[in-house]
Protein chains: 2
Amino acid sequence: MILYQELAEISGVAHGRRGETTLALDVLRRLRHDILICALRPRQRLRFQELKDRYRVNVGPLREALVQLASEGLVEIEPRRGCRVAAISLADLIDTTNTRVLIEKEALRQSIGEGGIEWEAQLVAAFHRLAATELNATDSGLPPEWAVAHRDFHDALTAACGSPLLREIRARLFDRANRYRMLSTLSPTHLREKSSEHRNLTESALSRNTGQALALIERHLRDTGRLAVEALRDLDPAAAPAASTQAIPSLNQHGGQS
Amino acid sequence: MILYQELAEISGVAHGRRGETTLALDVLRRLRHDILICALRPRQRLRFQELKDRYRVNVGPLREALVQLASEGLVEIEPRRGCRVAAISLADLIDTTNTRVLIEKEALRQSIGEGGIEWEAQLVAAFHRLAATELNATDSGLPPEWAVAHRDFHDALTAACGSPLLREIRARLFDRANRYRMLSTLSPTHLREKSSEHRNLTESALSRNTGQALALIERHLRDTGRLAVEALRDLDPAAAPAASTQAIPSLNQHGGQS
DNA sequence: ACAATTGCTTTTTTCGAAACTTTCCGCGAT
DNA sequence: ATCGCGGAAAGTTTCGAAAAAAGCAATTGT
C-alpha cells in the first residue's frame, strides 16, 4: 500500500515539507501541470477511466482535483456529462489580458507602496534566478525551470501587496495566462525583450518609481498578450471567428471605455 | 433509491430547469447557504460525520462541495486535518471591501459603456423587484427574498460588462461580502438609505452618467463595509485585535497608497 | 421515409467500507 | 510535576463496486 508520506517522492515533488499533501492535491498539481503544458489539450475530453489509468488514482481524488481546476478556469464540467480541458479562444485571451492589467497594476502599486527591505531582497533574488535560467535557453525554447522562475518573479514583484485577496486573484490570472503563453515559442529576439522588461520592472520597482513601474507592467502584459494572439492565429485560425461574436476592446489601451 | 430528478423537489430548488444537477452540486448550494446565513458559524469545524447526517449524503459529494467552497473562500481545508467554516475578521472585511471597490467600479464602467436597451430593461426590472421586497421588511429584518433580489440587482447592474472574467470575480466577491452583510441587521433608517442608494445607482447608470455611478457604487460599498465593521466590533471584539497585526488602510479612501 | 421507442453500452455519480493519519489519553521514567 | 511513549479513538482519505444517467443504434409504428 502507498503510504501518504511517500507521495512527495513518487510524484517528484520531494522537498523538506512534511507530508502535508494528499492524493487529491497531488493529482491536482499534476493535472494542472499537464493542462498548462498542453499535454492535455484544450477541449480534450477528460474521461474518468483514462484519468484513472494515467494518474493511478481512483475517482474520488480525481473529482476533487477536477472541481478545483474548474474553479480555476482550466477545466469545464458539465454535470452528468463529463469534463473537458477548458477551451482557449481569442476572446478569452483578450479578456484575461485586460483583467490582468487591471489587477496586476493595482497589486504592484500597493506592493511598491508597502514593500520594505525584505521585499526588495526577495525581488532581487527572484530576478537573479530568472535571469540565470534564461542563460540556459536553447533554440528549441526555454528550459522547464524558466516557467517556475518566471512565476516566482512575478509573485515576488507583488508579494508586498497588503491584500491577500488581490494577490490570490492575481496568481490565478497568471496561471490562466500561462496557458496562452505556452503557445508562443519565444524567438531569441523576443526573449531578449522579455528579459530586459523584467530588468526594467525590477529597477523601477526598487526605486519606487510607481508610475513607471505601472506603465511597464501594463506594456509587459499587453506584449505577452499580443504574442499569444499571433501564436493563436497561426495555430488555430478557427478560434478567431469565435471571438468576433462579442465586442473586443483593443489590446493596446485600457479595456472597456465606451 | 433517490432518483436524481427528484433532487430539485426534495431540496426545494424546484423550478423549470431539467435535472442538470447532482447531489454534489445540491449539497454545495445548501452548504453555501448555511454558511452565508451563519447557520454554520465562522471557524466552526465541519466534520464529515456530522455533515453526512445533516445533509444525508456520503463523503464523496461532500468533499466535492467543500473543495469548491474552499475555492470561494467560504471554507478552509487543512489537508488531513479537516475543514472549517472560513474565519471572518476585520482585516478580511476591509480587504474584501477594498477589492470590491476596485472590481465593481471597473465592471460597472464597462457595463454602462456597453449596455444596450435590453440591459436597461433588465436593470429597471431588477430594481423594481428589489424595491418590492423592501416593502415586506419587518422590525426583525428583511424578508429572505431580499437577499436574492439584492444579488440579482447588483448582477443586473454589471450584466453588460463585456468581460466574463470580471463579472465572475465580481460575483464571488459579492458572495464573500454577503457573509459580513448578514452580520449587520439593518435599522429602518439604514434600510431607507440603502434603498435610495440603489435608486440613485440605477438612475445614474441609465442616464450613462459614468462618473456619478462610479462614485455612488464606491460609497455604497464602503458604507456597507462600515456598517459591517460596526456589527463585527459589537459581535466579536476579539476579531479586531487579530486585524491589527497588519496594516489596515482606511475604508474611506483608495486602499494601499503609501 | 421518419420520428419515437426500446434495449444495450459507455460514462458519470454515489455509496459503504477499508486504509491511513492525527489526536488524545494514560502511564511510567526522569 | 513533566516529558516521552505506546496504544486506542476519532477523523480523514482512498478504494472498488453498485447505481443512475446519458449516449447510441437497431427496431417498430405511422
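Throughout, a chain's letter reflects where its sequence line sits, starting with A, and its residues are numbered from 1.
- Nucleic acid contact class of A/G82 (heavy atoms, under 4.0 Å, all strands): sugar-phosphate only.
- In A/R151, the CZ atom is not crowded: 12 or fewer heavy atoms of neighbouring residues, nucleotides or ligands sit closer than 6.0 Å.
- For the segment residues 39-54 of chain B, residues with any heavy atom less than 4.0 angstrom from an atom of DNA chain D are, sorted by number, B/R45, B/L46, B/R47, B/F48.
- Separating the CG atom of A/N58 from the P atom of C/dA18 is a distance of 16 Å, rounded to the nearest angstrom.
- By the side chain to side chain donor-acceptor pair (under 3.5 Å) test, A/E118 is found to be paired with A/Q122, residues two or more places apart in sequence or in another chain being considered.
- Residue pairs satisfying the side-chain hydrogen bond (donor to acceptor under 3.5 Å, both in side chains) criterion with at least one member in residues 64-77 of chain A, sequence neighbours excluded, are listed as follows: A/R32-A/E72, A/E64-B/R63, A/Q68-A/E72, A/S71-B/S71.
- Straight-line distance from the CZ atom of A/R63 to the C1' atom of D/dG16: 16 Å, rounded to whole Å.
- In this entry the distance linking CD of B/E64 with P of C/dT13 reads 7 Å, nearest Å.
- Here C/dT21 presents its P atom at 19 Å from CD1 of B/I77, a figure rounded to the nearest Å.
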Check residues 36-46 of chain A and write down every donor-acceptor pair under 3.5 Å in which the side-chain atom is one partner and the other belongs to a residue at least two apart or another chain.
{"from": "A/Q44", "atom 1": "OE1", "to": "A/R41", "atom 2": "N", "distance (Å)": "2.9"}
{"from": "A/R45", "atom 1": "NH2", "to": "A/R81", "atom 2": "O", "distance (Å)": "3.3"}

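- Remark: A/S111 engages A/W119, A/A160, A/C161 in a side chain to side chain contact (heavy atoms under 4.5 Å, CB included) (not counting sequence neighbours).
- As rounded to whole Å, 12 Å separates atom P of D/dT13 from atom CD of A/E20.
- Side chain of B/V59, nearest nucleotide from C/dA17, C/dT14, D/dG23: C/dA17.
- Protein atom CD of B/E78 is 16 Å distant from nucleotide atom C1' of D/dT13, rounded to whole Å.
- Following rounding to the nearest Å, B/L23 (CG) and C/dT14 (P) show an atom-to-atom distance of 5 Å.
- Note: CG (B/L62) to C1' (D/dT14) measures 15 Å, nearest angstrom.
- Residue pairs meeting the ring-ring contact (aromatic ring centres under 6.0 Å, His included) criterion with at least one member in residues 22-54 of chain B, sequence neighbours excluded, do not occur.
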